[in-house]
Amino acid sequence: MNTSVFTTRTAMAIILGANLGTTLDSWMLATLGFNMDIEVVSYPAVCLGGLILILFGNGKTYRYISYFLFGFSLLFIGLSFMKTSTESKVKVFDFSHYTSISLAVFLLIGFIINDFVQSGSVTMALTLSALHVGEISLPIAAAIILGSQTGTTIKTMLGGVGGNT
C-alpha cells in the first residue's frame, strides 16, 4: 500500500543505502572479522557512544554520532556471536555429502535462509563462517550469497507491488 510517506526518490535512496550497508558490513566481516576479534573494538565503541551521548547529548551532531557508534558496534557484536557459534556448529556438521549437489540448489538454499532470517547480513556471516573453516567451497558460498541477494531483491519488488511511481 502506498502511504506517500516517502517520495520515490527518497525510498530508492533508503533501499540503496540499506544494500550498501549490507555490502559494507559483509566486506568488513570478511576482511577484519576472521583476522581479528571485532568485539575488542566494538565494546569500547559502545562505551564511547554512551559517553558522548551522556556528555554531549543535547547537540544534534553528537547525538547522531553516538547513535552511529551504538548501531555499528552492536551490529558487529552480533555478527561476532554468529561467527563464533557458526564456526563451532559447522565443524560438527559434515558437508562432504552435499558437495556433489548442483549449485542451483545452493542458490535456493541461500534464498530460503534469507527468507527465514530476513537479513542478507546474517546469511553472509553464516556463509563466510562456513567458508572460513573450509567446510564449503567458494562456488557453493557464492551460490548461497547470490540466492540470498535474490531473495532480498524479490522482497523489495513485492513490497513495491500496488504502489505508484
Side-chain angles (χ1 to χ4, degrees), residues 1-2 6 8-43 45-46 67-165:
M1 172 169 40
N2 184 6
F6 297 121
T8 301
R9 183 179 178 153
T10 304
M12 293 300 288
I14 291 170
I15 292 169
L16 180 61
N19 287 335
L20 288 174
T22 299
T23 303
L24 177 67
D25 68 314
S26 300
W27 275 104
M28 290 179 76
L29 177 70
T31 57
L32 299 175
F34 297 114
N35 298 327
M36 65 177 271
D37 187 10
I38 54 179
E39 288 179 337
V40 171
V41 177
S42 296
Y43 286 121
V46 169
Y67 292 163
F68 173 79
L69 287 172
F70 278 136
F72 235 72
S73 299
L74 292 175
L75 172 77
F76 283 113
I77 290 169
L79 287 174
S80 177
F81 286 146
M82 284 189 296
K83 178 181 72 92
T84 303
S85 65
T86 303
E87 285 177 350
S88 65
K89 297 295 180 202
V90 165
K91 289 179 182 175
V92 174
F93 190 77
D94 184 20
F95 283 94
S96 63
H97 305 294
Y98 304 103
T99 56
S100 62
I101 296 175
S102 168
L103 290 179
V105 173
F106 288 105
L107 190 88
L108 182 63
I109 289 171
F111 184 88
I112 291 169
I113 291 172
N114 191 45
D115 283 345
F116 280 129
V117 298
Q118 294 292 311
S119 172
S121 297
V122 171
T123 308
M124 181 74 76
L126 296 172
T127 305
L128 288 176
S129 296
L131 180 65
H132 178 69
V133 296
E135 290 298 321
I136 61 174
S137 65
L138 184 60
I140 291 173
I144 293 171
I145 297 304
L146 286 173
S148 168
Q149 295 307 311
T150 303
T152 300
T153 304
I154 290 173
K155 284 188 293 189
T156 303
M157 286 174 30
L158 290 176
V161 170
N164 60 22
T165 58

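Judged purely by atom type and a 3.5 angstrom limit, T150 uses its side chain to pair as donor or acceptor with the backbone of L146.
From I140, atom CD1 reaches atom CD1 of I109 across 9.0 Å, with rounding to the nearest 0.5 Å. For the atom pair I145 CD1 and I113 CD1, the distance stands at 8.5 Å (nearest 0.5 Å). If you take CD1 on I112 and CZ on F106, they are separated by 12.0 Å, rounding to the nearest 0.5 Å.
Taking 4.5 Å as the limit, every side-chain heavy atom of V46 sits out of range of all side-chain heavy atoms of L69.
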